[in-house]
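Below, chain A is the first sequence line, B the second, and so on; all start at residue 1. What you see below is based on every heavy atom in this structure, not just the backbone, and it leaves out hydrogens, waters and symmetry mates. The shown structure was predicted, so the numbers you read here are calculated from the model rather than taken from an experiment.
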2 protein chains.
Amino acid sequence: MKSVTIKDVAKRLNVSISSVSRAFNNSYDIKKETRERILRTAQEMGYYPNPIAQKLTQKKTFNIGVVVPEFINEYYSEVIRGIQDILTSLGYQVLIMQSDNKHERELKNVKTLIHNMMDGLIICPSVKSKNMDYYLDEINKGYPIVFLNRIEQSFPANKVLFNNTKWGFFATEHLIYQGYKKIYHLSGSNDLGITKDRTQGFIKALAKHGFSKDDYKVIETGILPENAMARVQELIDNKDLPEAFMCVNDLVALSTISVLRQNQIEVPNDIGVVGFTETKIADLVSPKLSSVKQPTYEMGKSAAEMLMKVIKKETMSSNTIILNGSLNIRESSIRANQ
Amino acid sequence: MKSVTIKDVAKRLNVSISSVSRAFNNSYDIKKETRERILRTAQEMGYYPNPIAQKLTQKKTFNIGVVVPEFINEYYSEVIRGIQDILTSLGYQVLIMQSDNKHERELKNVKTLIHNMMDGLIICPSVKSKNMDYYLDEINKGYPIVFLNRIEQSFPANKVLFNNTKWGFFATEHLIYQGYKKIYHLSGSNDLGITKDRTQGFIKALAKHGFSKDDYKVIETGILPENAMARVQELIDNKDLPEAFMCVNDLVALSTISVLRQNQIEVPNDIGVVGFTETKIADLVSPKLSSVKQPTYEMGKSAAEMLMKVIKKETMSSNTIILNGSLNIRESSIRANQ
DNA sequence: CTGAAAGCGCTAACAT
DNA sequence: ATGTTAGCGCTTTCAG
């Protein structure tokens, strides 16, 4: 694995290593001819400046690190697409690390990335992270970091967010306007700020429309199918069914519909269902799933653009960008005429 | 962004930098006390060996690079989980790059990763890549690379694969056993080896069971919903419908079912459908989707384990691991009694 | 325009 | 057990 170094090239052409360096860095103070000659034979010899060595002497690496908690649905995949589309067009390379929803792993990932001299970081935190001190320290040292999703709005850093409370509210209100009188929310973990916010939105909407305690319920199912299915089955067994479900995400919504169907309960004729964080299949299943679409791709783009500004020191303060979503009403929440 | 270096620590304690280095590398030739003293004040000062500098002098970085073409479905997400589970337990860090299905970007990613001194690479190629020379060169130089999926079985390198032909065959044969007499295959692009293989399997199964040219068709829809939906609608309009569809993947299968439903054609009562590369929702939709499950997580694990062997030089030759899948028969391909 | 030399932060002989 | 020194491959003054 011995590779060609700057010295080899220099020796071969009887020039100094500085000249070779200059040739590659497009320096002004080098004769065009020598430059070309050097580049040519370097090419031949398969020489390429060693980025590690470059990093040791320079400040910029043109590498950006991205930390995500997971890839289980399309969410972060699209965020990453947004990030990459902006960044690669500007000549940056994007290195991704996955934290598996564990804060410790996330911290380790961030450190690895920083130590590997990324020019900046986009961090999608795992959970309402306890230990943000390290990040704050780095930011204060001047290290460019932008956060995306799952972070408190009050956190003093650059970040791009989605307003889960607001859209949880709208999704619920849509159900109310459809005339559903008893609505349950299948919620995510209370440890997760974003799903907690959806629950807040749910409760706010009910409060606004004068629902009484008997007319709604929040059931913490988490975001995975198995548990959601079990809880819905319980409700059926206990004859404790609402007229509609507001679900923490599409997977839970689909699971709910599936269990209901197994029990000969039809959506939306018997019960209405609305999902959240719309996935591609919302439009392909039957009934088509109503859901809140998050601007994932745009969030990635915004975060990348924000990071660029931070790197170029065009912004100092802690900016927060909150992007808008949309409520896509399809079949699963359209109440039959009565 | 000035950070503490080994010198600072040395100066502070009036020891040489070698001692500090030794302390951190757990070298045998250092007194326990000094070691502890150094580590303690290093801690205080916030010192941490600069990995870039370390890389310049050492060979090992304990970083592994992974290149994937995309994240659009769960496929590569699970592969990555498999890879990470093995590698992080061995003290490695996994850096991921995404090629967006473009060979050029893939090549650039690979170079970035190699130049950043990853100890090894797991490459999931984008398409039947034309230009594999660079990879071959690196492998010949002794650089540890393992390929995963979407690569010719004949390619002389370590790789882990799925036998798409075989499982395409099984999926089709299942349809035949169900008694479907006319079967169409909605195929992926012919440029993509893996989907082409599924088509091969499809054709083989039909040949084995004596289907005539009139009883089947291969329609190249690609792997995205929009086009598949349009093509299926065309078939309906032309009254050119088969008794069953063998689809290149779940998304296309779901799209097909969706279009059929819009035209009052029910699956599986009127037409059978089977998918490929099973996704989580196969079990949640109605009708539940029959599909071929690929061992994604295991493929990731195998690739990681293989890479470790290559790195430890426990293997030299070009090994190929082919993992088994399963055909999960659900509702969408169960032919009604006649 | 080009070369010599210092230095980036660290490791690894080589001394002592 | 500890210090000294020579690199690792490159960039960047500083001379000329």
* Asked: Think K60(A) forms a cation-pi with F62(A), using NZ or CZ under 6.0 Å from the six-ring centre and within 45 degrees of its axis?
  -> yes

* Integer-rounded Å distance: dG9(D) C1' and I114(B) CD1 -> 18 Å

* Atom pair distance, as rounded to whole Å: CG in D8(A) and P in dG9(D) -> 8 Å

* **Residues which pass salt bridge (Lys or Arg N to Asp or Glu O under 4.0 Å) with R35(A), listed by chain and number, not counting sequence neighbours** => none

* **Gap between atom SG of C124(B) and atom CD1 of I83(B) - 0.5 Å precision** => 6.0 Å

* Asked: Rounding to a whole Å, what distance do you find between K32(A):NZ and dT2(C):C1'?
  -> 19 Å

* Minimum-distance nucleotide to L56(B) side chain [options: dT2(D), dC8(D), dC1(C)] -> dC8(D)

* Does the side chain of L121(A) come within less than 4.5 Å of Y143(A)'s, by heavy atoms? -> yes

Side chains of residues 63-75 of chain B: which donor-acceptor partners sit under 3.5 Å, not counting sequence neighbours?
| residue | atom | partner | partner atom | Å |
| --- | --- | --- | --- | --- |
| E70(B) | OE1 | N101(B) | ND2 | 2.6 |
| N73(B) | OD1 | Y75(B) | N | 2.9 |
| E74(B) | OE1 | K280(B) | N | 3.1 |
| E74(B) | OE2 | K280(B) | N | 3.4 |
| Y75(B) | OH | N149(B) | ND2 | 3.3 |
| Y75(B) | OH | Q294(B) | OE1 | 3.0 |

* Structure fact -> N116(B) atom CG is separated from dC8(D) atom C1', nearest whole Å, by 16 Å

* Asked: Does S19(B) have a side-chain nitrogen or oxygen under 4.0 Å from the phosphate oxygens OP1 or OP2 of dA1(D)?
  -> no

* Asked: What's the verdict on ring pair (Phe, Tyr, Trp, His ring centres under 6.0 Å) for Y48(A) and F24(A), showing C-alpha distance, side-chain angles and the deciding distance?
  -> CA-CA 9 Å; Y48(A) 192 94; F24(A) 270 88; 7.3 Å; no

* Asked: In whole angstroms, how far is the P atom of dT11(D) from the NZ atom of K60(A)?
  -> 16 Å

* Which whole-number value in Å describes the distance from I52(B) CD1 to dG9(C) C1'? -> 11 Å

* Quantified as the angle between the terminal helix axes (five pairs each), what is the overall bend of the helix from dC1(C)-dG16(D) to dT16(C)-dA1(D) to 10 degrees? -> 40°

Shorter than 3.5 Å, N or O on both sides, protein versus nucleotides 10-14 of chain C: list them out with atom names.
| residue | atom | partner | partner atom | Å |
| --- | --- | --- | --- | --- |
| dC10(C) | OP1 | Y47(B) | OH | 2.7 |
| dC10(C) | OP1 | N50(B) | N | 2.9 |
| dC10(C) | OP2 | I6(B) | N | 2.3 |
| dT11(C) | OP1 | N25(B) | ND2 | 3.3 |
| dT11(C) | OP1 | Q54(B) | NE2 | 2.9 |
| dT11(C) | OP2 | S21(B) | OG | 2.6 |
| dT11(C) | O4' | T57(B) | OG1 | 3.2 |

* Set of salt bridge (Lys or Arg N to Asp or Glu O under 4.0 Å) partners for K108(B), sequence neighbours left out -> none

* Sole candidate of M132(B), E152(B), M306(B) that passes side-chain contact (heavy atoms from CB on, under 4.5 Å) when paired with F147(B) -> M132(B)

* Residue pairs involving residues 7-24 of chain A (criterion side-chain hydrogen bond (donor to acceptor under 3.5 Å, both in side chains); sequence neighbours excluded) -> S16(A)-S18(A), S16(A)-S19(A), S21(A)-N25(A)

* **Rounded interatomic separation in angstrom, taking CG from L13(B) and P from dG3(D)** => 10 Å

* **Gap between atoms CZ and P, on R37(A) and dC1(C) respectively (whole Å)** => 14 Å

